[in-house]
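All values below come from the heavy atoms of this structure, side chains included, with hydrogens, waters and symmetry mates left out. Remember, predicted model here, so these are calculated numbers, not experimental data.
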Amino acid sequence: MDSEESSFVRLEDPQGLQNGGSEMTPEQVRQEIERYKELCSAVEQENAALQKEKEETEQRIQQVKNTIELIQENIQQHNPLEDLIQSLQSEIFLAKEEKSGLKQEKEMLEEKLEEMRKKGWEDPMMMLPALPERNLVFKGLVTDKEDMNKLMLTPLIRYPLQGGSALITFEKAEVAQRVIEVKEHTVELSNGESLEEPDRCRMRVQASPVDVLLPSTLEIGLARSSRSILVSGLPSRVIPEDILLDKLELFFSKTKNGGSEVESREFLDDCGQVVLTFVHDGVAEQLIARGQVQVPIGKAKYKLKISPYMRGEVTNIQFQPSRCARTVLLSGIPDVLAEEPMRDALEIHFQKESRGGGEVDTLGYVPAGRRAVAVFGE
């Protein structure tokens, strides 16, 4: 039979006092009891957590069982695989239709973009945002809408005249036609006093039509320069032209201003604009994209517009003969009078209706031994 002491549980001596050491003090015993209480509390908390996790697991198992039962009921009612296949087929069909529609829309947009690019060359209105600003005064006539896409040319014909000939333009076309039909005309001349005196003389001149060549077909190819820009909005009459070109070249040759080395420069007298050409590609495109830049010129800064530089070349031109309706060529005029008296004698003769003439608009005479060029504006 165990002794009375063996019925008590001894706490382990953490410091190994049982092995030859002294007994634990009451304070050490209380500390050990507190430590074991904490261990018991931790075990109870862990046990409660395990119990809660067990309950949650049982709930999930029950939910899975309910789901399985619901699936089994659905399987008994219809075939889910067939429904899934049909659903996938519908989605595939809709996806194909959407892809086809997007492809068609892309093609339409590409065609529209290409059409707009072509219109940019054919229709000047499409290029207005990129063109330099310039004040214009309209002095022409309003045409029909269907003529808007046609190129209207104003003729400026240079007609050479040999010595001993004259060009006479009448106010009416029928007068010129009568003079041409007669072919040869006898013009009375004076010695400088009176045409009615006995010593007057006569000369014979030949009348012929004036035929010129006018353009009937004209094709111009436009090309946009990849390394050139058109600078507009320049101050007028502020500084000399060469100094202005130097300042523009200095400004646009700096990389901080978006420029680069300038290859050439040209001042366009007819519009007061400047063409700058750079050595490297890509510089012009960047400046054109900016549209405007502020450039110091003299003591002020000016906002200049940057535009693409378009160069046009005649690719095809065809001519057709055209007869001047009111103008007649007089040839075979002898050198018997000075220039002014001869001009007066010709005009007096051909303005008389009794000799088949009429009102004279203009008359140009070239004496023998000289040459001239007549310019037809219209």
Side-chain angles (χ1 to χ4, degrees), residues 79-134 136 138 140 142-153 215-233 252 255 257-264 266 268 271 273-293 303-318:
N79 189 352
L81 181 60
E82 183 178 354
D83 293 343
L84 180 60
I85 293 174
Q86 292 179 355
S87 177
L88 291 175
Q89 288 178 346
S90 299
E91 291 181 1
I92 292 173
F93 178 75
L94 292 175
K96 287 182 177 180
E97 284 191 342
E98 184 178 2
K99 181 180 179 182
S100 177
L102 291 175
K103 185 177 180 181
Q104 293 179 357
E105 184 178 358
K106 179 183 176 182
E107 293 176 353
M108 291 177 61
L109 291 175
E110 289 178 349
E111 292 178 358
K112 188 175 181 181
L113 178 61
E114 185 65 24
E115 183 179 355
M116 292 180 66
R117 286 176 178 173
K118 291 181 180 179
K119 284 185 178 180
W121 299 108
E122 298 173 357
D123 187 1
M125 298 300 294
M126 299 292 293
M127 298 180 64
L128 285 180
L131 293 178
E133 296 179 358
R134 186 178 180 185
L136 300 176
F138 178 73
V142 179
T143 60
D144 296 332
K145 184 176 182 181
E146 51 268 18
D147 295 335
M148 291 180 62
N149 294 327
K150 296 181 181 179
L151 179 63
M152 306 300 295
L153 297 179
S216 59
T217 302
L218 178 63
E219 295 181 3
I220 300 177
L222 292 177
R224 176 174 172 176
S225 176
S226 61
R227 296 189 291 114
S228 299
I229 61 173
L230 186 65
V231 183
S232 57
F252 284 101
T255 55
N257 296 329
S260 182
E261 183 181 353
V262 177
E263 181 180 275
S264 63
E266 180 183 1
L268 305 179
C271 59
Q273 299 167 0
V274 173
V275 178
L276 295 178
T277 302
F278 297 95
V279 175
H280 305 291
D281 294 331
V283 181
E285 294 292 338
Q286 295 178 0
L287 291 172
I288 293 171
R290 293 176 60 181
Q292 290 183 339
V293 293
K303 184 179 290 186
L304 305 184
K305 186 170 184 178
I306 310 300
S307 308
Y309 178 61
M310 311 298 296
R311 184 183 297 275
E313 294 183 357
V314 177
T315 58
N316 182 26
I317 184 170
Q318 298 178 7

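Ser232 places a side-chain heavy atom less than 4.5 Å from the side chain of Gln273. You'll find the side chain of Asn316 stays beyond 4.5 Å of the side chain of Ile220, heavy atoms only. The side-chain heavy atoms of Ile288 and Arg224, taken from C-beta on, include a pair separated by under 4.5 Å. Here the side chains of Ile306 and Val293 are in contact, with some heavy-atom distance below 4.5 Å. Phe252 places a side-chain heavy atom less than 4.5 Å from the side chain of Leu276. Counting heavy atoms from C-beta outward, Glu97 and Leu94 have side chains that approach closer than 4.5 Å.
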Inset, instruction - Given side-chain contact (heavy atoms from CB on, under 4.5 Å), test Val275 with Tyr309 step by step and report yes or no. - result: CA-CA 7 Å; Val275 178; Tyr309 178 61; 3.5 Å; yes
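Between Leu230 atom CG and Leu304 atom CG the span is 11.0 Å, to the nearest 0.5 Å. The NZ atom of Lys96 lies 9.0 Å from the NZ atom of Lys99; values are rounded to the nearest 0.5 Å. Atom CD of Glu313 is separated from atom CZ of Arg311 by 7.5 Å, given to the nearest 0.5 angstrom.
Scanning for side chain to side chain donor-acceptor pair (under 3.5 Å) contacts around Ser260 gives an empty result, with sequence neighbours left out. Residues that satisfy the side chain to side chain donor-acceptor pair (under 3.5 Å) test with Ser226, not counting sequence neighbours, are absent from this structure.
Across Ser228 and Ala284, no two heavy atoms sit closer than the pair O-CB, 3.8 Å. Smallest separation of non-hydrogen atoms from Arg290 and Asn257: NH1-O, 2.8 Å.
Counting heavy atoms of neighbouring residues, nucleotides and ligands inside a 6.0 Å radius, atom CD of Glu107 exceeds 12 of them.
Here the side chain of Arg227 pairs a donor or acceptor atom with the backbone of Phe278 at under 3.5 angstrom.
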